[in-house]
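Okay, so here's the structure we're looking at.
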Amino acid sequence: IVEIPEGYPSLSNDPATTQKAFALAQATFGNEQVHTLEKRMGAEDFSFYTQHIPGCFFRLGTSHEGHHTNLVHTSNFDIYPDAIGVGVRMFYDIATKF
């Protein structure tokens, strides 16, 4: 017998919410700094929220010039400090301009 426990629901961004967030990011950071990523098969807690309300999961670049010494979700993760301000600004824009 094989038991497969229920896991995370799939995460799908709401198209209208995503479009608004994308436009905000472009207006704040410039078109060359905002990219659409390929779909991924990872798991994410945020998917539980999007089962109840429209949402947009986005990724914040945290490396310097595309290079990390250590990756996210490790005890040695080395975030590029300027990325913190970018993230704060994005969340500020979403909170005040949506």
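Hydrogens, waters and symmetry mates play no part in the numbers below; they use all other heavy atoms, side chains included. Since we're looking at a predicted model, the values are computed, not measured.
Within the structure, salt bridge (Lys or Arg N to Asp or Glu O under 4.0 Å) contacts touching residues 8-36 (residues at least two apart or in different chains) do not occur.
Scanning for side chain to side chain donor-acceptor pair (under 3.5 Å) contacts around T18 gives an empty result, with sequence neighbours left out. With sequence neighbours excluded, the residues satisfying ring-ring contact (aromatic ring centres under 6.0 Å, His included) with F91 are F58. With sequence neighbours excluded, the residues satisfying side-chain contact (heavy atoms from CB on, under 4.5 Å) with S63 are H68. Applying the ring-ring contact (aromatic ring centres under 6.0 Å, His included) rule to F46 yields the partners Y49, F57; only residues at least two apart in sequence or on another chain are considered. Under the ring-ring contact (aromatic ring centres under 6.0 Å, His included) criterion, F22 pairs with no residue at all, not counting sequence neighbours.
Heavy-atom minimum distance, A83 versus L60: O-CD2, 3.5 Å. Of all heavy-atom pairs spanning T17 and P54, the tightest one is OG1-CB, 3.7 Å. Of all heavy-atom pairs spanning S47 and E44, the tightest one is OG-O, 2.8 Å. T62 approaches F77 most closely through the heavy-atom pair OG1-CZ, 3.5 Å. Smallest separation of non-hydrogen atoms from R59 and L37: CD-CD1, 3.4 Å.
Within the model, atoms CD of Q19 and CG of N13 stand 12.5 Å from one another, a figure rounded to the nearest 0.5 Å. A distance of 6.5 Å separates CG in D93 from CZ in F29, rounded to the nearest 0.5 Å. Annotation: the span from L11 atom CG to Q51 atom CD amounts to 9.0 Å, rounded to 0.5 Å.
Side chains of T28 and M90 form no contact here, defined as non-hydrogen atoms less than 4.5 Å apart. Contact of the I79 side chain with the I84 side chain is registered, since non-hydrogen atoms from C-beta on lie closer than 4.5 Å. A 4.5 Å side-chain heavy-atom check between L24 and F98 finds at least one atom pair inside the cut-off.
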